[in-house]
2 protein chains.
Amino acid sequence: MSDNSKYFNSAISVNCVVFTYVEEKLKILLIRREFEPFKGLLALPGGLIYPNEDLQQAVSHIIESITGNKNVYKKQLQAFTDTKRHPSGRVVSIAYLALVNHQKAILKDSSFAISPDWFNILEKPQLVFDHDSIAETALQHLQSEIRNKPIIFELLDEKFTLPQLQTLYETILNISLDKRNFRRKLAYLDFIEDTEEMQKNPLYRPAKLYVFNKEKYNEFCEKGMVFSL
Amino acid sequence: MSDNSKYFNSAISVNCVVFTYVEEKLKILLIRREFEPFKGLLALPGGLIYPNEDLQQAVSHIIESITGNKNVYKKQLQAFTDTKRHPSGRVVSIAYLALVNHQKAILKDSSFAISPDWFNILEKPQLVFDHDSIAETALQHLQSEIRNKPIIFELLDEKFTLPQLQTLYETILNISLDKRNFRRKLAYLDFIEDTEEMQKNPLYRPAKLYVFNKEKYNEFCEKGMVFSL
DNA sequence: ACAAAAGTGTTGACATTACACCCATGC
DNA sequence: GCATGGGTGTAATGTCAACACTTTTGT
């Protein structure tokens with residue numbers, strides 16, 4: 001460790017696996033690379049990090065630049081470290097999972113990304129570098145995380161119906177759930193609150209609207225309780 | 001990305017949270033730092049990585065140098081990336097969890113570590129950098145992982161008794177388990193095999209010896225089954 | 001009135017918990 | 001023969017899965 005120069009010459013990047021939910025589909029945010037290598041090909045949004053740059057902030061900045069969303073849910077997944085994953089040298093990429101509400105997201109080009117777009121996760125095209133593997137890891141993480149943590153509400157509007165919530169679980173987990181069993185389970189959770197309001201102008205019978213109450217969820221956790229789908 | 005020099009000047013390190021089980025205690029491997037900063041203080045084993053170095057191999061090498069164990073169980077946890085975590089510059093540390101059998105581990109000084117020693121996890125002293133936080137993350141990961149994956153056998157001898165297995169679960173999870181319920185649950189798992197052999201020279205009544213059969217475990221998984229403690 | 005999705009309870013199967021005594025061995 | 005930990009079954013409770021009809025609204 002006496003001669004630092006042989007160690008301080010790697011690069012750090014972040015890659016963001018950003019999911020949204022729209023038209024009853026789980027979609028992933030992909031961009032076209034603006035620079036070589038792989039210029040013009042599809043990739044996860046991300047970028048190299050300056051040595052004094054905070055990774056969470058970098059992720060927030062990238063996501064805000066592309067989608068306009070501030071304060072999105074984000075979580076570090078893991079580092080992708082293959083020595084040959086990047087042709088320009090040693091680039092360790094730290095992958096983040098992020099969830100954004102589709103209504104609030106307005107995609108635009110930025111210094112990080114050209115032609116950003118949402119792709120149905122079930123029809124995800126091939127990506128550059130090891131981004132397919134990063135996306136796969138993120139999806140698995142999401143699938144396991146929504147079973148025990150209330151992050152799914154990040155993908156819904158503030159007010160949502162139980163059928164919407166159920167369909168979203170079914171879409172992400174790729175399973176089907178029994179409506180009555182699903183609703184009975186939720187009935188115990190006081191942090192999913194009935195708002196006395198009804199859905200506006202649906203095609204047929206309107207459903208009740210609910211909200212996720214974060215304070216009540218915290219109280220629920222403090223009692224040592226854990227919810228599980 | 002046109003001028004790479006402003007990005008390729010960070011360092012990557014690995015840190016290993018190595019657990020073992022001895023004298024009915026879960027212990028963590030700590031070393032004394034041989035170099036500045038924090039020379040002589042307690043730390044997790046680890047080290048800086050060369051730009052062409054594979055991280056898994058580096059972890060294996062470090063653990064083998066200190067404990068003598070080859071092919072230990074290891075798993076990447078996450079990256080620790082605080083800009084100020086290391087005083088010498090930007091060092092992103094990738095943390096690994098590893099499990100070693102105590103009988104096979106013979107600690108010795110190496111280029112990575114002086115005075116390596118096992119510390120009861122319940123009495124872990126303060127560590128340098130952000131290593132306390134890394135160790136805490138690793139412990140939580142271990143606690144959650146042993147409930148659904150058969151990694152606990154990495155900490156036991158090849159042949160073990162059910163009371164040993166139960167005590168190990170209790171130690172790691174810091175809970176107490178009902179002996180009969182615990183054994184009934186294991187009875188369904190054909191990958192925990194009775195060896196017809198008995199424990200040698202115990203103080204009192206000898207217990208039956210079991211082995212973990214990895215092939216049978218894989219078959220069990222292929223049937224879509226999941227075990228859960 | 002009809003089409004469509006919202007909303008609602010019961011039952012049987014299975015899993016989990018709680019609990020106490022006899023057994024095998026070393027000394 | 002006694003001290004110690006190894007080994008065993010049952011009953012009550014709670015949880016989970018399967019299942020079909022009525023209600024509300026828009027057209």
Side-chain angles (χ1 to χ4, degrees), chain A residues 21 23-25 144 146-148 156-157 159-171 173-190 192-211 220 223-229, chain B residues 21-25 146-148 156-157 159-171 173-212 220 223-229:
Chain A
Y21 178 62
E23 295 160 2
E24 307 210 336
K25 295 184 188 70
S144 100
I146 57 168
R147 290 179 164 274
N148 300 103
L156 290 167
D157 297 336
K159 295 177 184 174
F160 53 87
T161 70
L162 297 187
Q164 284 168 357
L165 181 59
Q166 182 181 342
T167 305
L168 178 49
Y169 271 113
E170 292 175 330
T171 304
L173 295 172
N174 202 23
I175 57 176
S176 75
L177 296 167
D178 180 277
K179 181 162 54 162
R180 280 175 289 190
N181 295 337
F182 178 75
R183 295 165 90 103
R184 182 183 16 260
K185 195 163 256 179
L186 299 189
Y188 291 111
L189 308 176
D190 62 354
I192 297 178
E193 289 183 326
D194 185 340
T195 68
E196 315 280 303
E197 284 177 72
M198 299 301 258
Q199 220 173 0
K200 300 295 179 207
N201 48 310
L203 276 70
Y204 301 104
R205 175 176 175 180
K208 282 194 202 170
L209 290 167
Y210 291 78
V211 293
F220 177 86
K223 287 182 222 153
M225 316 201 76
V226 188
F227 100 95
S228 155
L229 184 66
Chain B
Y21 178 62
V22 60
E23 294 161 3
E24 308 210 336
K25 294 183 188 72
I146 57 167
R147 290 181 162 274
N148 301 102
L156 290 167
D157 297 337
K159 295 179 185 176
F160 54 86
T161 70
L162 297 186
Q164 285 168 357
L165 181 60
Q166 181 179 343
T167 305
L168 178 49
Y169 271 114
E170 291 175 328
T171 305
L173 295 172
N174 202 23
I175 57 176
S176 76
L177 297 166
D178 180 277
K179 181 164 52 164
R180 279 175 289 191
N181 295 337
F182 178 76
R183 295 165 90 103
R184 181 180 20 258
K185 193 163 257 177
L186 299 189
Y188 291 111
L189 309 175
D190 63 354
F191 55 81
I192 297 178
E193 289 183 325
D194 185 341
T195 66
E196 316 277 305
E197 285 176 71
M198 300 300 257
Q199 220 174 359
K200 302 295 180 206
N201 46 310
L203 276 71
Y204 302 104
R205 176 177 174 181
K208 281 193 203 170
L209 290 168
Y210 291 78
V211 291
F212 168 65
F220 177 87
K223 286 182 222 153
M225 318 202 73
V226 187
F227 100 96
S228 156
L229 185 67

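A, B, ... follow the sequence lines: proteins, then strands. Residue 1 opens every chain. Computed from a predicted structure; not experimentally measured. For the numbers below, each heavy atom of this structure counts, side chains included, while hydrogens, waters and symmetry mates do not.
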Looking only at heavy atoms, what is the nearest atom pair of B:K185 and B:L189, with distance? O-CG, 3.7 Å
Return the 5'-most residue of the pair B:P163, A:M198 with respect to DNA chain D, ranking by each residue's nearest nucleotide. B:P163
Taking the side chain as C-beta and beyond, is there a heavy-atom pair between A:T167 and A:Y21 under 4.5 Å? yes
Interatomic distance, B:D194 CG vs D:dG7 C1' [rounded to whole Å]: 12 Å
Smallest heavy-atom separation, B:L165 atom then B:F182 atom, equals CG-CZ, 4.0 Å
Measure the spacing between CG of B:D194 and CD of B:E196 and express it to the nearest 0.5 Å. 5.5 Å
Using whole Å, report how far OH of A:Y204 lies from C1' of C:dC2. 10 Å
Nucleotide of C:dT16, D:dT8, C:dT25 approaching B:R184 most closely (side-chain heavy atoms): C:dT16
Nearest-Å distance, CG (B:N181) to C1' (C:dC19)? 9 Å
Close side-chain approach of B:L186 and B:Q166, heavy atoms under 4.5 Å: no
Would you mind telling me which of D:dT25, D:dG7, D:dT23 lies closest to the side-chain atoms of A:R205? D:dT23
Rounded to 10°, tell me the angle between the two end axes of the helix from C:dA1-D:dT27 to C:dC27-D:dG1, each built from five pairs. 0°
So, does A:D157 use its side chain to make a donor-acceptor pair with the main chain of A:K159 at under 3.5 Å? no
Spacing between B:Y188 atom OH and C:dC14 atom C1', to the nearest angstrom: 9 Å
Measure from the side chain of B:K208, starting at C-beta and using heavy atoms only, and say which of D:dG5, C:dC19, D:dG7 lies closest. D:dG7
Quickly work out the B:Q199 CD to C:dA24 C1' distance and round it to whole Å. 12 Å
Residue met sooner reading DNA chain C from 5', once B:P202 and A:P206 are mapped to nucleotides: A:P206
Between C1' of C:dT10 and CG of A:D178, the distance in whole Å: 13 Å
For B:Q199 against B:P206, the heavy-atom pair lying closest together: O-CB, 3.4 Å
Counting any heavy atom closer than 4.0 Å, what does A:K179 reach on the DNA or RNA strands: base, sugar-phosphate only, or nothing? base
Can you tell me how far P of D:dG5 sits from CD of B:Q164, to the nearest Å? 14 Å
Presence of B:R180 side-chain N/O under 4.0 Å of D:dG7 phosphate oxygens OP1/OP2: no
Here the distance between atom P of C:dG26 and atom NZ of B:K200, to the nearest Å, is 11 Å
Which nucleotide sits closest to the side chain of B:K185: D:dA18, C:dT16, C:dT25? C:dT16
